[in-house]
Amino acid sequence: MFLPKYPDSPTPPPAHIHTPTDPAPARRSALPAVSVSTGAVVAVLTGGVVLTALLAAVAVSAISVAVAAVVLRSLLRDQHRR
């Protein structure tokens, strides 16, 4: 009942052993799908705009301080010469 059934005429073994000529190329694993919501895009854009505005404000402040320092230096130089 549980005995295996064998074919009546078994097939002969192959005459040659198959060896692959080219190794199979390594498959890269597929990257997982990343879904980006519109809220995340808006948050990143808003953060970029805010950081750019802060950087511009710091640059303008630095330039104005440098100009004020040059003006004060020239005024103090004139005071020392008199």
Side-chain angles (χ1 to χ4, degrees):
M1 182 167 132
F2 293 109
L3 295 175
K5 294 183 179 179
Y6 297 108
D8 292 335
S9 60
T11 57
H16 69 282
I17 299 172
H18 176 70
T19 57
T21 56
D22 293 335
R27 286 188 178 182
R28 290 187 177 185
S29 62
L31 295 175
V34 177
S35 62
V36 179
S37 65
T38 55
V41 172
V42 169
V44 168
L45 288 177
T46 303
V49 168
V50 168
L51 289 176
T52 304
L54 286 174
L55 182 63
V58 168
V60 168
S61 299
I63 291 172
S64 64
V65 167
V67 168
V70 168
V71 169
L72 284 174
R73 182 178 171 191
S74 67
L75 289 175
L76 289 175
R77 184 183 301 163
D78 287 343
Q79 288 293 329
H80 287 293
R81 287 185 182 176
R82 290 184 186 178

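Side chains are part of it too, since the values below use all heavy atoms of this structure and drop only hydrogens, waters and symmetry mates. All residue numbers in this chain count up from 1 along the given sequence.
Here the closest non-hydrogen pair linking Ser61 and Ser64 is O-OG, 2.8 Å. In terms of heavy-atom proximity, Val71 sits nearest to Ser74 at O-OG, 2.8 Å.
By the criterion of side-chain heavy atoms lying less than 4.5 angstrom apart, applied directly or through intervening Ile, Leu, Val, Met, Phe, Trp or Tyr residues, Val58 is not grouped with Val50; the two fall into different hydrophobic clusters.
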